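Below is one structure, written out as structure tokens; comments come after it.
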Amino acid sequence: MNELEKLLLDIQLAERKIQAIKSVNRNTRAAEIRLHKKLKKLMIPVFDKVINELLKLNKVPSNDLTRNIILQSLYSMQDGYKKEIEEEVLQAAQRGANRTTSNMQKAGVTGLAFKPITDNVKQILLSQTFEASERTLERMTGDVMKNIIQSYDKGLGIDEAADRLRSKFKNIEQHELVRIARTEINSAQNRGAYLTNQDLGAEYHMWITAEDDRVRDGSTSDADHVSLHGQIVKVGDPFSNGLLHPGDRAGNIEDWINCRCVLVPFIMPLGKRPPVGATYFYEGDLVDVA
């Protein structure tokens, strides 16, 4: 590859990255904010009810039976929580599917039309959402239970225990629900893009990061997305971190929670091919067809 060809490839990659990020940022952010608000509206009354049940006892409960009674409203909100997430997840998956179709059209692939995601894709997404929501609520309820147990072990009075629990709920409201909204929306968008890549017969796709200082680089977790930026694999093959797409929950949690990366189709340039034997590669690794 000569210098001019390398420059042209770099320009094409930069343009593709810019378009990929622009196409998702605005709608993704709006969806995250919308889901966060829905979850807050659902959960804040539940949090208030738990605090009131605790205060009614006038003492910190000493056994799990009483603690579980206090937390009953948390246990019973599973259906409402799942419903709010499902609605946004299906919309996000459709945006991911539309993004893939649009990117392939821009790359010159003809005969493509925007289509609703299939019932099969919907069922896959809803099944994953159900499992994820169960795990999330189980973990959240466990953290609240742990908070109450710690208050008892510390010998705190009821007012101090209630204050500790309020602080826990405020953290969930301001931080954890934001993380949940971002993870659910982005995971669904990329799952929709991935399944659409398969349906449309795309041969390759590329992992794109947000390219800012918040991209995980392995310094604070086991995940390194900086090295994934621009990485290309065959559709159906995993990227170098083992994930099929950004937000793939089959991988390690460090790789998908709070992830903002996107999946875009990659059209092999005319006269180019991947390096022989490579399971993943970058545009700069392409070689001339012999």
Side-chain angles (χ1 to χ4, degrees), residues 1 6 9-25 28-29 31-32 92-93 96 99-100 103 128 131-132 135-136 139 175-195 197-198 202-268 272 274-287:
M1 180 184 299
K6 178 66 165 59
L9 274 178
D10 288 343
I11 292 173
Q12 290 173 359
L13 176 58
E15 289 177 345
R16 190 174 294 123
K17 289 187 293 186
I18 291 170
Q19 291 303 317
I21 297 300
K22 282 184 176 180
S23 68
V24 299
N25 273 353
T28 297
R29 182 60 181 149
E32 289 173 3
R99 182 181 77 223
T100 284
N103 284 334
Q128 292 175 338
E131 293 175 5
R135 290 196 301 267
T136 299
R139 176 180 52 77
H175 301 289
E176 186 159 1
L177 293 187
V178 172
R179 183 169 62 247
I180 289 170
R182 176 173 296 131
T183 301
E184 293 288 349
I185 294 298
N186 204 48
S187 179
Q189 283 189 153
N190 285 306
R191 186 66 177 172
Y194 173 79
L195 294 172
N197 282 339
Q198 289 184 318
E203 189 173 5
Y204 300 97
H205 47 204
M206 176 188 289
W207 185 300
I208 299 293
T209 72
E211 281 197 289
D212 58 24
D213 57 7
R214 294 165 56 198
V215 176
R216 58 201 75 182
D217 61 3
S219 61
T220 58
S221 75
D222 293 333
D224 176 10
H225 289 188
V226 171
S227 64
L228 284 165
H229 182 68
Q231 191 174 112
I232 304 163
V233 298
K234 275 192 171 184
V235 175
D237 288 350
F239 287 89
S240 60
N241 63 349
L243 273 61
L244 291 174
H245 58 79
D248 178 11
R249 296 185 186 184
N252 294 325
I253 189 171
E254 294 87 355
D255 259 315
W256 54 259
I257 194 168
N258 223 19
C259 179
R260 299 171 297 137
C261 300
V262 298
L263 186 73
V264 298
F266 176 77
I267 307 301
M268 188 65 63
K272 297 292 181 181
V276 175
T279 56
Y280 63 87
F281 54 93
Y282 300 84
E283 278 199 286
D285 299 328
L286 297 179
V287 297

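Model, not experiment: these values are computed from the prediction.
- Here the side chain of R99 pairs a donor or acceptor atom with the backbone of L263 at under 3.5 angstrom.
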Should R182 and N258 be marked as a side-chain hydrogen bond (donor to acceptor under 3.5 Å, both in side chains) after you check the CA-CA gap, both sets of side-chain angles, and the distance that decides it? CA-CA 6 Å; R182 176 173 296 131; N258 223 19; 3.2 Å; yes
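- The shortest heavy-atom contact between S240 and Q231 is N-OE1, 2.8 Å.
- The heavy-atom pair separating A202 from V235 by the smallest distance is O-CG2, 3.2 Å.
- Interatomic distance, CD1 of I185 versus CD1 of I180, reported as 12.0 Å (0.5 Å rounding).
- Residue pairs meeting the salt bridge (charged side-chain N to carboxylate O under 4.0 Å, His left out) criterion with at least one member in residues 213-240, sequence neighbours excluded, do not occur.
- Counting heavy atoms from C-beta on, the side chains of T209 and V226 never come closer than 4.5 Å.
- Applying the ring-ring contact (aromatic ring centres under 6.0 Å, His included) rule to Y280 yields no partners; only residues at least two apart in sequence or on another chain are considered.
- Under the side chain to side chain donor-acceptor pair (under 3.5 Å) criterion, N252 pairs with no residue, sequence neighbours left out.
- Applying the side chain to side chain donor-acceptor pair (under 3.5 Å) rule to N241 yields the partners D255; only residues at least two apart in sequence or on another chain are considered.
- No side-chain heavy atom of D248 sits less than 4.5 Å from a side-chain heavy atom of W256.
- When side chains are defined from C-beta on, T28 counts as touching Q189, because their heavy atoms get closer than 4.5 Å.
- Remark: E176 pairs with R139 by the salt bridge (Lys or Arg N to Asp or Glu O under 4.0 Å) rule, at least two apart or across chains.
- Applying the ring-ring contact (aromatic ring centres under 6.0 Å, His included) rule to H205 yields the partners Y194, F239; only residues at least two apart in sequence or on another chain are considered.
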